[in-house]
Protein chains: 2
Amino acid sequence: MENHEHVHKHEVQETIQDIVRAMSAKGWRITDQRKKLAALFAESPGYLSPKDVYEYMRASYPGVSFDTVYRNLRLLSEMGVLEQIYLNEGLKFRARCRSHHHHHLICMQCEKTVPFEFCPMKHMSNFPQDFQVVNHRFDILGYCSDCSEAAKSGGTTDSLVPEA
Amino acid sequence: MENHEHVHKHEVQETIQDIVRAMSAKGWRITDQRKKLAALFAESPGYLSPKDVYEYMRASYPGVSFDTVYRNLRLLSEMGVLEQIYLNEGLKFRARCRSHHHHHLICMQCEKTVPFEFCPMKHMSNFPQDFQVVNHRFDILGYCSDCSEAAKSGGTTDSLVPEA
DNA sequence: CTGGCTGCAAAGGCTTTGCAGCTCG
DNA sequence: CGAGCTGCAAAGCCTTTGCAGCCAG
């Protein structure tokens with residue numbers, strides 16, 4: 001456990017450094033605020049809304065403004081450091097996984113993610129010849145163990161996974 | 001070809017009727033505008049933005065307002081007649097496929113869709129036991145034959161499909 | 001008839017932009 | 001120091017809401 005935490009902290013530090021390096025490489029300034037932002041995304045296990053980010057930043061920088069948060073989210077997204085997804089009626093952000101290609105289970109309640117290795121693209125062939133594939137998205141939505149109890153009372157309007 | 005078109009028109013009529021019936025079953029009034037809306041989604045091969053819908057409706061009903069378009073899109077979505085997806089920086093709508101479960105190739109340019117049968121959920125097992133799966137999304141993005149020429153000049157900022 | 005639908009107008013969120021001053025490098 | 005970052009304020013979408021009149025059923 002102790003060792004696991006140590007490893008985790010090490011990875012977080014790595015990720016922070018990666019993000020900071022990426023910004024630096026683009027010639028952007030490394031302000032304290034941006035370091036804090038890098039730390040937030042390195043630590044966060046799931047998706048964050050602009051509001052989440054704003055709240056978090058405000059804890060350290062009471063005068064922070066929403067527009068700066070948006071500006072930096074945008075910049076980091078355009079850099080490819082963050083990835084966006086539309087979830088629970090809003091745009092959310094998380095650090096793009098840089099290790100290798102994979103997909104996620106996403107908790108619809110707390111928006112935490114769990115990676116898994118299966119990629120459907122490896123199992124598909126026979127695309128229409130005239131369709132030029134560029135990208136794909138595959139997410140599995142549901143409730144994590146922490147949230148599945150609470151979820152039994154109220155669900156969403158989205159359709160369930162059909163069996164056939 | 002002639003026969004194919006005939007079949008297509010027949011299907012469109014079916015879909016319109018389905019949508020109208022669904023509205024009627026919920027006790028909603030079948031106004032001319034809503035019939036037109038049903039026809040639009042029955043005919044449309046891809047995703048439509050609220051603006052697209054507004055433009056189309058305005059052709060027949062010059063006085064139509066954006067709020068009515070939104071109201072009806074919302075109602076039809078809540079009914080499950082339409083499905084929403086976040087695409088090209090905006091929320092889009094299309095008639096939910098009622099036939100059977102499948103996924104789509106989506107053209108990032110014109111937002112047309114092509115269905116295919118492969119569903120990754122049938123090939124997956126070994127979910128973390130404590131994650132309660134509710135839903136999934138799997139879309140393949142790219143360019144259809146009509147758009148792939150134009151796309152060679154300018155792409156998007158999204159990542160390509162990694163090979164590993 | 002009458003409850004629901006519509007257009008109008010206005011408000012509400014979320015996000016972006018212009019600007020002046022401050023700060024990193 | 002100078003370009004870039006920040007906060008402030010304001011504007012710009014996109015979407016929703018309140019209201020009075022109209023229309024389908």
Side-chain angles (χ1 to χ4, degrees), chain A residues 16 19-40 47-79 81-82 84-93 111 157, chain B residues 16 19-40 47-79 81-82 84-93 111 157:
Chain A
I16 296 177
I19 296 176
V20 168
R21 263 193 295 267
M23 289 195 282
S24 190
K26 288 271 179 180
W28 299 348
R29 299 218 178 136
I30 310 306
T31 63
D32 286 351
Q33 238 183 82
R34 283 181 175 173
K35 268 185 237 164
K36 195 82 188 169
L37 197 61
L40 170 59
Y47 288 94
L48 298 171
S49 67
K51 195 172 176 182
D52 294 334
V53 176
Y54 173 67
E55 302 291 351
Y56 176 88
M57 293 300 289
R58 206 171 45 168
S60 306
Y61 305 89
V64 75
S65 61
F66 245 111
D67 26 64
T68 301
V69 168
Y70 275 111
R71 264 189 292 248
N72 285 327
L73 287 177
R74 175 111 88 109
L75 287 174
L76 288 173
S77 296
E78 284 173 0
M79 267 178 53
V81 167
L82 297 183
Q84 305 177 19
I85 111 172
Y86 191 83
L87 196 63
N88 292 337
E89 328 254 284
L91 212 46
K92 307 294 163 68
F93 298 80
E111 304 187 349
T157 57
Chain B
I16 296 177
I19 297 176
V20 168
R21 262 194 296 269
M23 290 194 282
S24 191
K26 289 269 180 182
W28 299 347
R29 298 217 180 138
I30 310 306
T31 63
D32 286 352
Q33 238 183 83
R34 284 181 174 173
K35 267 185 236 164
K36 196 82 188 169
L37 198 60
L40 170 59
Y47 288 95
L48 299 171
S49 67
K51 195 173 176 181
D52 294 334
V53 176
Y54 173 67
E55 302 291 351
Y56 176 88
M57 293 300 289
R58 207 171 44 168
S60 307
Y61 305 89
V64 74
S65 60
F66 245 114
D67 25 63
T68 301
V69 168
Y70 276 112
R71 265 188 293 248
N72 285 326
L73 287 177
R74 174 114 87 108
L75 287 174
L76 289 173
S77 296
E78 285 173 1
M79 268 177 52
V81 166
L82 297 184
Q84 305 178 21
I85 144 171
Y86 192 83
L87 197 63
N88 290 338
E89 328 254 284
L91 211 47
K92 307 294 164 69
F93 298 80
E111 304 188 347
T157 57

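Below, read A as the first sequence line, B as the second, and so on, with proteins coming before strands; counting in each chain starts at 1.
Set against C/dG7, D/dT6, C/dT6, the side chain of A/N72 has D/dT6 as its closest nucleotide.
You'll find the side chain of B/V53 stays beyond 4.5 Å of the side chain of B/F93, heavy atoms only. Between B/R34 and B/I19, every side-chain heavy-atom pair lies at or beyond the 4.5 Å cut-off.
Rounded to whole angstrom, the span from the NZ atom of A/K35 across to the P atom of C/dC24 amounts to 9 Å. Distance CG (B/L37) to P (C/dC5): 13 Å, rounded to an integer number of Å. For A/L73 and D/dT6, the CG to P distance is 12 Å, given to the nearest whole Å. Between the P atom of C/dC14 and the CG atom of A/D52 lies a distance of 12 Å, rounded to the nearest Å. For the pair B/L91 CG and D/dC13 C1', the computed distance is 15 Å after rounding to whole Å. Atom NZ in B/K36 sits about 15 Å away from atom P in C/dT6, given to the nearest Å. Look at CD on B/E89: it is 9 Å from P on C/dT16, rounded to the nearest Å. Remark: P of D/dC14 and CG of B/N88 are 14 Å apart, rounded to the nearest angstrom.
Looking only at distances, no side-chain donor or acceptor of A/K92 sits under 3.5 Å from a matching main-chain atom of A/Y47.
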Reading nucleotides 16-25 of chain D from 5' to 3' and marking B where a protein heavy atom lies under 4.0 Å of the base, S where only the sugar-phosphate is that close, and - otherwise, the string is BBB----BBS

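Here the shortest heavy-atom pairing between A/L91 and A/P50 reads O-CD, 3.4 Å.
Taking A/Q84 as the reference, A/S77 meet the side chain to side chain donor-acceptor pair (under 3.5 Å) condition, with sequence neighbours excluded.
Contact annotation: A/T68 reaches the phosphate of D/dG7 (side-chain N/O to OP1 or OP2, under 4.0 Å). For D/dG7, one of the phosphate oxygens OP1 or OP2 lies less than 4.0 angstrom from a side-chain nitrogen or oxygen of A/Q33.
For the atom pair CG (A/L40) and CD1 (A/I16), the distance works out to 10.0 Å, reported to the nearest 0.5 Å.
Pairs passing the side-chain hydrogen bond (donor to acceptor under 3.5 Å, both in side chains) check and including a residue from residues 54-66 of chain B, sequence neighbours excluded, read B/K36-B/S60, B/E55-B/R58, B/S65-B/D67, B/S65-B/T68.
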